[in-house]
Amino acid sequence: MPEKPVRVRYAPSPTGYPHVGNIRTALFNWLYARHNKGSFIVRIEDTDTARTVDGAVEVIMDSLKWLGMDWDEGPDKPGKYGPYRQSERLEYYQKAAEKLLAQGDAYYCYCSSGRLEEMRSAQIARKEPPGYDRKCRDLSAEERAFARASCPRPVIRFKAPLEGSTSFCDVIRGEVSFENRTIDDFILLKADGYPTYHLASVVDDNAMDISHVMRAEEWISSTPKHVLLYRALGFNAPQFAHLPMILGPDRSKLSKRHGAVSITQYRDDGYLPEAMVNFLALLGWSLDDKTDIINIQTLVENFTLERIGKTAAVFNREKLEWMNGIYIRSLEVSELAKLAMPFLEQELPASVSRPVDEEYVKKVIPLVQERAKTIKEIPSLVYFFFTPDIEYPAELLIGKKMDVKTTLNALEKTLDILKESEEFDHDSLEHRLRPLAEELGLKAGQLFGAVRVAVTGVTVSPPLFETMMVMGRQACLERLEKAVEKLNCPEK
RNA sequence: GCCCCCAUCGUCUAGAGGCCUAGGACAGCGGCCUUUCAAGCCGUCAACAGGGAUUCGAAUUCCCUUGGGGGCACCA
């Protein structure tokens, strides 16, 4: 039996920016397509005209591109199954609805949203499951004509079976079964002529020859509706794979109140796409019992549905950070410098002249590469390399078990030594300053601490000698002199 | 309320009846290295939700309970 080619789709609705859950779904679909040399299709589900957000489609596509997911068919890549925006496919849904109407599998419903709302709240008050009471299901011709007069734009509902059960085989969860009496007479076509998700996705997945529907677990309870639709329409249903949910730290469905959930936020926060992909892949999937760092090619080579888990996963930002650090450290210096540029331009103080010198950035970057967890934090780690002046309180110069006198003396001696020679590389600094500490009866850390503050303005910095080297002899001497001044005239 | 799904360290997970004294990773803690901070290395803490059943043997199979999550829109 020849295997059907794998055709999977990512079907976002442009009602906002894609969050990590959506993107993880996209990633699994993409990985599955690439692993099986199949097709990855992007279909825009813009059937909710009221909630559609301008520019959302662009952000969605950008997000996919950023993460390295390419698509074979999509709104900007017409294939033989297009168009790929549901708003441009209304006729298909219309036709399907009419077929169901003609077959007696669907009916017009004239109920006002007001009545529906009242009905629902009454049901909830009575602790009954909310659902349509099927008032319009079996209207006579006269009743229909009468209703039509007051409601010229009826919706079309599916006539769900009242008895029996509907089941399907989920690739991840196995057999899932629902009692038909729990299935509502859901709406197929809305009053505005647009389809609901249920109709549209079934019609399109069929028309586009989708082999596997991979989507989040939240869809599992609407799947029997889809199965019923496939059947009524005479379509073969695809394979279903319901992916485990990604939850917030409070174990509830991810939403805005969980902070950064939009994938673009992570890009803006200085995360690398490689780290993001790696991390997301591990939310609900694993390679084996020990591998955490997996590049995208390895992911493609090894991605199978069998290794997808069933349990919802909490989005663990600390692990993402750790992983991002790993990827930052694996970058070439010039690459990291390039990635850091926009963040430096953005975050460096106004006193730093623009444009920022990329060649200088390349010299600075190696000093923070193993210290940064995100690219965004780089400016705060290196700003003193760029600012014409540094600000810090004089007391900062005085370290543990030090006082004004000893600190002043240490800095003056340091200046003397540094002025003696033009040499300013790591080794020469080391060979001259370390003995100085001993000579002054100070621990290396005490001397270097004072010099560090004098040169950088902070107590935490990259290794001192490398820092001084990159900063240059002239700048260092000037800053040391300023520090001495500060200690001499405390009011300064 | 009804329906569905799920259940291993705080978190992500490995585990398809004996390999489990339950493995890895993040976080935490301790240490080494060290001029600060990191990085790196070493070590440590920490879980099979509970109860039955099947079996010579169960984290792994079945049932119940409990817990968590999701769904129940003219939203997707």
Side-chain angles (χ1 to χ4, degrees), chain A residues 11-15 45-48 50-51 109 111-113 116-117 120 123-132 153-157 170 172-173 176-179 181-184 186-192 194-198 200-201 215-224 242 244-245 247 249 251-253 279 282-293 306-307 309-323 325 329 368-373 381 399 430 433-434 437 443-453 456 458-465:
Chain A
S13 67
T15 52
E45 312 226 317
D46 53 350
T47 55
D48 186 342
R51 289 204 311 154
C109 171
C111 295
S112 68
S113 36
L116 262 20
E117 237 168 80
R120 247 190 308 273
Q123 285 165 332
I124 289 166
R126 271 179 274 136
K127 301 206 186 254
E128 280 169 24
Y132 183 53
R153 311 200 68 187
V155 302
I156 297 176
R157 286 185 184 271
D170 188 277
I172 294 168
R173 288 152 218 283
V176 180
S177 184
F178 288 78
E179 295 292 325
R181 61 181 166 74
T182 66
I183 300 173
D184 202 15
F186 56 98
I187 290 172
L188 261 14
L189 224 49
K190 304 182 250 185
D192 62 2
Y194 278 70
T196 57
Y197 172 83
H198 306 301
S201 72
R215 74 227 309 186
E217 192 189 338
E218 55 186 315
W219 291 106
I220 210 161
S221 47
S222 41
T223 305
H242 288 95
M245 303 275 296
L247 272 22
R251 298 211 128 264
S252 75
K253 201 172 159 180
F279 179 74
L282 258 19
L283 249 33
W285 181 87
S286 61
L287 176 61
D288 56 30
D289 58 340
K290 48 178 67 80
T291 314
D292 283 299
I293 303 301
E306 292 77 63
R307 292 202 64 84
K310 303 180 207 223
T311 352
V314 171
F315 190 90
N316 178 202
R317 216 183 157 129
E318 274 124 42
K319 189 156 182 173
L320 203 215
E321 271 201 4
W322 162 77
M323 199 173 269
R329 274 170 254 138
V368 291
Q369 184 160 20
E370 67 184 28
R371 289 171 172 75
K373 289 225 192 312
L381 262 22
E430 170 102 46
L433 292 184
R434 203 172 283 278
K443 288 196 168 171
Q446 290 177 299
L447 173 63
F448 299 167
V451 176
R452 165 174 288 111
V453 172
T456 66
V458 289
T459 53
V460 170
S461 82
L464 183 59
F465 303 141

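Order of the sequence lines sets the chain letters (A, B, ...), proteins ahead of strands, with each chain counted from 1.
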A/Glu218 side chain, from C-beta outward: closest of B/rG71, B/rC75, B/rA27: B/rG71
Selection from B/rA14, B/rA76, B/rC6 that lies nearest to any side-chain heavy atom of A/Asp289: B/rA14
Main-chain N/O of A/Lys290 paired with A/Asp288 side-chain donor or acceptor, under 3.5 Å: yes
B/rU13 OP1/OP2 closer than 4.0 Å to side-chain N/O of A/Lys290: no
Which nucleotide in B/rC4, B/rC6, B/rC75 has an atom nearest any side-chain atom of A/Val176: B/rC4
Interatomic distance, A/Asp288 CG vs B/rG24 P [rounded to whole Å]: 13 Å
Side-chain N or O of A/Lys190 closer than 4.0 Å to phosphate OP1/OP2 of B/rA76: yes
Closest listed nucleotide, where the reference is the side chain of A/Ile187 and the choices are B/rG24, B/rC74, B/rC4: B/rC74
A/Lys310 side chain near B/rG69 phosphate (N/O to OP1/OP2, under 4.0 Å): no
A/Arg371 (side chain) and B/rC37 (base): donor-acceptor pair under 3.5 Å: yes
Phosphate-side-chain proximity, A/Arg251 and B/rG70, N/O vs OP1/OP2 below 4.0 Å: no
A/Ser221 side-chain N/O to B/rC3 phosphate OP1/OP2 under 4.0 Å: no
